[in-house]
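In what follows, a single structure is set out as structure tokens and then discussed.
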Amino acid sequence: MANPLENHLLQATKMIESQVDAEIDRLEKMGDDDFDLLRQKRMDAMKKAQQQKEDWLAAGHKEYSEIADEKEFFETCKKSKKVVCHFYRDSTFRCKIIDKHLADIARKHIETRFVKINVEKCQFLVERLRIKVIPTICLAKDGKTVDYIVGFDDLGGRDDFPTEMLEWRLGRTDMINYQGDLLEPPTMGGAKQKTTKIFGKPTKSKTIRDDGDTDSDDDDW
């Protein structure tokens, strides 16, 4: 008598075979008009995808560029659904590390706009978004901040983290179309990096706009 596992596999195989047979039968019954309709839908989808790509490129996607001030920051967040903004300072050497990784990721992920802004040129924005640690990466979707990557704590806590670690972290917040395993961080030095704090302190979603006020702390950057 077959054991439960064999019965389960047999039932699963029969179900798959039944689905395949049904699909073959459907295709065999399709006429020329049906194939023309499918072909047209595919063409429309391809045209839409191409137009989306052109719109992204026109908005500065696929590049890691610097924005000058708060006004340009707000305009960037209006033009692009997903924006990754690195708040940097010239005298902070770890900002150069972030620059290298974000430039690489920007070329791979055209669906997201990658920019940086000098904290010394956007005092109002720094206070409004409560930027306290440099480097800080602000993640914004649909004109609202959804998360922050503060320092390197979420990236393994070391300067030599791989680009894949930052890519994974961005994927966790759905800022890029990440193709790897979101439940497991990439390997570092031959072993998986144990991440006890993935997202850091929870942050409130804040609409990005060019007016309003915010409280400040003594722990400033």
Side-chain angles (χ1 to χ4, degrees), residues 38-89 95-119 121-122 124-126 128-129 131 134-150 154-155 161-183 185-186 198-199 203-211:
L38 283 177
R39 190 179 298 110
Q40 186 60 48
K41 287 183 177 179
R42 181 172 178 81
M43 289 290 294
D44 291 343
M46 292 174 64
K47 289 179 180 178
K48 184 177 181 181
Q50 181 61 31
Q51 184 60 53
Q52 177 66 87
K53 182 178 180 180
E54 292 176 3
D55 291 343
W56 280 335
L57 292 174
H61 290 231
K62 205 176 181 178
E63 298 178 0
Y64 176 52
S65 54
E66 181 160 6
I67 52 180
D69 50 29
E70 285 100 341
K71 180 180 180 181
E72 190 173 357
F73 176 83
F74 300 133
E75 291 175 350
T76 298
C77 291
K78 289 179 182 178
K79 291 180 180 178
S80 299
K81 179 180 177 64
K82 298 180 180 181
V83 176
V84 173
C85 183
H86 171 208
F87 285 80
Y88 81 97
R89 185 172 53 193
C95 292
K96 303 296 189 297
I97 298 175
I98 294 294
D99 284 341
K100 177 183 180 299
H101 292 304
L102 288 183
D104 290 341
I105 296 174
R107 286 190 290 270
K108 293 172 59 179
H109 293 278
I110 191 175
E111 69 274 10
T112 304
R113 180 78 194 277
F114 290 85
V115 297
K116 66 177 181 177
I117 188 169
N118 191 327
V119 293
K121 298 180 180 179
C122 59
F124 166 75
L125 192 59
V126 166
R128 177 165 186 80
L129 299 182
I131 305 297
I134 301 301
T136 285
I137 303 175
C138 172
L139 312 181
K141 289 199 302 184
D142 297 316
K144 295 182 179 180
T145 57
V146 295
D147 202 1
Y148 297 93
I149 303 175
V150 181
D154 292 358
L155 306 173
F161 65 88
T163 301
E164 291 76 16
M165 179 62 76
L166 179 53
E167 193 174 12
W168 173 81
R169 177 63 177 80
L170 293 172
R172 292 280 305 201
T173 322
D174 190 33
M175 292 304 300
I176 60 174
N177 297 334
Y178 186 72
Q179 300 301 315
D181 185 358
L182 289 173
L183 298 179
I198 294 177
F199 291 103
T203 59
K204 293 182 179 179
S205 176
K206 184 186 293 293
T207 299
I208 297 172
R209 55 186 183 181
D210 54 2
D211 59 359

Please determine whether side chain to side chain contact (heavy atoms under 4.5 Å, CB included) holds for the pair C122 and F73, giving the CA-CA distance in whole Å, both sets of side-chain angles, and the decisive distance to 0.1 Å. CA-CA 10 Å; C122 59; F73 176 83; over 6 Å; no
Looking at CG of L155 and CE of M165, how far apart are the two atoms once the value is rounded to the nearest 0.5 Å? 7.0 Å
With heavy-atom distances below 4.5 Å as the criterion, would you say the side chains of I137 and L166 are in contact? yes
Take the angle between the ring planes of F124 and F74 and call it parallel below 30°, perpendicular above 60°, tilted in between. perpendicular
Taking C-beta and beyond as the side chain, do D69 and K121 meet within less than 4.5 Å on heavy atoms? no
Which residues pass the ring pair (Phe, Tyr, Trp, His ring centres under 6.0 Å) test with H109, not counting sequence neighbours? none
Closest non-hydrogen atom pair between N118 and R89, with its separation: OD1-CA, 4.4 Å
Tell me, which pairs form a salt bridge (charged side-chain N to carboxylate O under 4.0 Å, His left out) where one or both residues lie in residues 43-66, sequence neighbours left out? none
Find the distance between CG (L139) and CZ (R172) and round it off to the nearest 0.5 Å. 13.0 Å
Side chain to side chain contact (heavy atoms under 4.5 Å, CB included) filter on A68, not counting sequence neighbours, yields E72
Between I149 and T173, does a side chain to side chain contact (heavy atoms under 4.5 Å, CB included) hold up when you go through it step by step? CA-CA 10 Å; I149 303 175; T173 322; over 6 Å; no
Where do C95 and I134 come nearest, in terms of heavy atoms and distance? SG-CG2, 3.4 Å
Tell me which pairs pass salt bridge (charged side-chain N to carboxylate O under 4.0 Å, His left out) where either residue lies in residues 79-88, with sequence neighbours left out. K81-D142, K82-D174
Taking all non-hydrogen atoms of both residues, which atom of I67 and which atom of C85 are closest, and how far apart? CD1-SG, 4.4 Å
Can you confirm whether K96 is buried at NZ, in the sense that more than 12 heavy atoms of other residues, nucleotides or ligands lie under 6.0 Å from that atom? yes
Give, for atom CD1 of I117 and atom SG of C138, the distance between the pair rounded to the nearest 0.5 Å. 10.5 Å
Mark yes or no for whether T136, through its side chain, and F87, through its backbone, hold a donor-acceptor pair below 3.5 Å. no
Nearest-0.5 Å distance, CG of residue L182 to CD of residue Q179: 9.5 Å
Looking at residues at least two apart in the chain, or sitting in another chain, which of them share a ring pair (Phe, Tyr, Trp, His ring centres under 6.0 Å) with Y64? none
Tell me, with the steps shown, if I105 and F114 meet side chain to side chain contact (heavy atoms under 4.5 Å, CB included). CA-CA 9 Å; I105 296 174; F114 290 85; 3.6 Å; yes
Tell me which pairs pass salt bridge (charged side-chain N to carboxylate O under 4.0 Å, His left out) where either residue lies in residues 99-115, with sequence neighbours left out. D99-K116, K100-D104, D104-R107, K108-E167
M175 versus V83, closest heavy-atom pair with distance: CE-O, 3.4 Å
Has W168 got a side-chain atom pairing as donor or acceptor with D181's backbone, closer than 3.5 angstrom? yes
